[in-house]
Amino acid sequence: MVLGGGDVIRFQNVGVRYGLGPEILHDVSLRLEEGSFHFLTGASGAGKSSLLRLMYLANQPSRGLISLFGHDIATTPRRDLPSLRRQVGVVFQDFRLIDHLTAMENVALPLRVAGASEEQVREHVPELLNWVGLSDQIDARPSTLSGGQKQRVAIARAIIARPKLLLADEPTGNVDDHIAIRLMHLFEELNKIGTTVVVATHNKALVTGFAHPRLHLANGELSVLKAGAPFAENEDEADAEGLR
Amino acid sequence: MRSAPVLPLTRDASSRFLPWLIAFMVWLAAMALAAVLVLSSFSNQWRNDLTGTLTVQIATAPDGQLATTERRLNRALDILRKSPGVKTAKPVPLKKISELLAPWLGRDVVTETLGLPIPRLIDVKVHPEANIDVAALWERLNKEVDGTQVDDHGAWLDKLIALAGAVEAIALAVLALISIAAIATVVFATRTSLTIHRDVIELLHVIGAKDAYVADQFHWHALNLGLKGGLAGVFLATATLLGLGSMWTGVESSLLPPVSLNIWQWACVFAVALAAAGISTVTARVTVLRALGRMP
Ligand SMILES: Nc1ncnc2c1ncn2[C@@H]1O[C@H](COP(=O)(O)OP(=O)(O)OP(=O)(O)O)[C@@H](O)[C@H]1O
Ligand SMILES: [Mg+2]
């Protein structure tokens with residue numbers, strides 16, 4: 001079933017719970033238009049990663065409707081999901097690099113999975129690794145890389161296959177501010193050529209430094225704040241309450 | 001340079017022990033299969049040799065005269081040849097009977113001239129479909145020639161074939177149990193591998209790998225392990241069978257019928273290796289696809 005033409009992703013009254021635990025997200029409704037750029041904020045444990053997991057189809061909601069690129073996920077046949085997933089690039093909060101593969105092979109993975117030729121891999125992967133400043137680490141294994149280097153490999157892997165939707169979970173958590181800003185510029189470049197971007201972050205400076213609207217999670221509810229909207233006085237406290 | 005496999009399955013512990021387990025199971029299965037093949041060819045041979053035949057024994061004439069016995073023999077032959085369902089009835093030549101008795105009585109003793117009271121035998125071939133009533137035939141013969149016995153070999157042949165059949169059934173059951181054990185072993189080994197590589201598999205899933213992409217890797221790995229184990233097992237089984245075969249021919253006795261597997265039977269034994277590789281491959285693939293099917 002095809003819904004809402006221009007929306008990359010659409011949530012209607014989505015609720016999430018893990019097992020028999022409490023509901024982590026209640027009645028989340030949102031639309032991300034094609035070519036939009038959003039931050040996703042909220043205290044630790046607010047459910048940012050959980051929301052992103054729904055977007056990259058790693059989890060199913062316990063209720064509500066999700067559509068990705070116009071496909072209602074609940075009614076899309078399971079065999080059609082891989083091709084939807086291939087259009088989503090994900091930077092995981094914990095990187096999830098494969099330890100026994102080199103940086104080059106890790107980044108090449110989405111291309112391989114999609115059946116790209118060895119030529120394409122050889123052409124594009126070193127170029128992108130060069131771009132994120134890792135040309136010297138092409139053959140390095142993740143265990144020998146620093147946190148920030150791993151993060152950049154993870155980012156390269158997320159964007160190598162030119163996804164239509166890029167979901168980045170704390171992509172700047174382990175890097176210096178100037179690298180964080182450089183990576184943000186990279187995301188903006190991709191956004192300019194049409195990629196829809198969602199960046200989950202704790203970093204207030206980053207959110208205030210770039211003029212993008214913000215999805216904010218608190219107490220399991222999602223609110224959408226315009227670009228430049230100030231942080232609420234009690235935002236951290238409210239989040240802290242949510243944690244208790 | 002060939003790139004490293006995404007799933008390093010060859011490094012799993014199961015890659016080391018599974019071929020040996022499979023080799024052992026293939027050896028057992030091949031031995032059971034060989035037993036089935038040998039026994040079923042025995043049964044067939046016995047059945048062919050002995051069904052459709054009767055042996056009629058004519059007692060020596062009371063007067064002990066060879067000529068009288070000969071007359072009784074001819075009388076019986078006459079009756080037999082006129083009985084419906086009888087194909088041929090031939091007297092076993094005295095010479096042959098002497099040979100049969102030689103081990104007990106000595107070659108020199110058993111001669112026509114000595115005139116020992118030797119019973120005469122008639123080999124009767126009957127039409128298998130005729131379903132001859134042996135008891136009725138017996139009665140009819142005895143009316144004319146008393147002391148005649150009819151042996152249709154039925155009793156001991158039936159027992160022997162039943163025994164062979166039972167052993168064959170047990171061997172088939174062993175074969176089935178080994179197959180089930182092999183499937184269970186591969187299922188557990190595959191599940192263990194799935195658990196070991198869960199993170200990578202989840203990652204592949206999330207970046208859009210089709211189930212078949214992951215299943216293929218397990219598929220080829222399992223085929224490789226299955227073939228290795230299967231060939232090793234068949235090699236051991238061949239060595240064992242050849243050894244047993246030479247011991248068998250070493251036993252100098254006509255008690256044991258000669259055994260040898262024909263080319264098709266050897267092919268069946270070798271096919272156990274392929275069956276093992278097939279079971280291993282299909283089981284691994286099905287196990288992986290079922291596990292992946294539970295992912296969203
Ligand atoms: N697999 C899971 N099973 C059970 N509970 C989970 C699971 N994943 C997350 N949770 C719970 O869901 C809540 C939200 O977690 P989530 O990881 O989405 O938060 P987050 O906003 O990403 O936090 P952080 O900023 O620390 O990354 C937490 O209370 C967490 O304990
Ligand atoms: Mg998180």
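Heavy-atom basis, side chains included; hydrogens, waters and symmetry copies ignored. Chain letters run A, B, ... following the sequence lines, proteins first and then strands; every chain starts at 1.
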Exceeds 12 heavy-atom contacts within 6.0 angstrom, atom CH2 of B:Trp20: no
Residue B:Glu202 excluded, over 12 heavy atoms near CD under 6.0 Å: yes
Which atom of B:Pro296 lies closest to which atom of A:Ala58, heavy atoms considered: CG-O, 3.1 Å
Sub-4.5 Å side-chain heavy-atom contact between A:Val113 and B:Val6: no
Over 12 foreign heavy atoms within 6.0 Å of CZ, B:Phe17: yes
B:Asp211/A:Arg79 ion pair, N-O < 4.0 Å: no
Enclosure of B:Tyr213 OH (heavy-atom neighbours >12, cutoff 6.0 Å): yes
Crowding at CD1, A:Ile193 (>12 non-hydrogen neighbours, <6.0 Å): yes
Considering all heavy atoms, the nearest B:Gly208-A:Pro82 contact: O-CB, 3.5 Å
Interface moiety of A:Arg53 toward chain B, non-hydrogen atoms closer than 4.5 Å: neither
Proximal component of A:Ile98, with respect to chain B [non-hydrogen, under 4.5 Å]: side chain
Sub-4.5 Å side-chain heavy-atom contact between B:Ile207 and A:Val90: no
Interface moiety of A:Arg96 toward chain B, non-hydrogen atoms closer than 4.5 Å: both
Side chain proximity check, A:Arg157 to B:Leu203, heavy atoms < 4.5 angstrom: yes
Side chains of A:Arg85 and B:Lys210 in contact at under 4.5 Å (non-hydrogen atoms): no
B:Met295 backbone acceptor or donor facing A:Arg78 side chain under 3.5 Å: yes
Over 12 non-hydrogen atoms of neighbours within 6.0 angstrom of CZ in B:Arg191: no
Neighbour count >12 (heavy atoms, 6.0 Å) for atom CZ, A:Arg63: yes
Minimum side-chain heavy-atom gap B:Val206-A:Phe92 below 4.5 Å: yes
Heavy-atom neighbours of B:Trp266 CH2 exceed 12 at 6.0 Å: yes
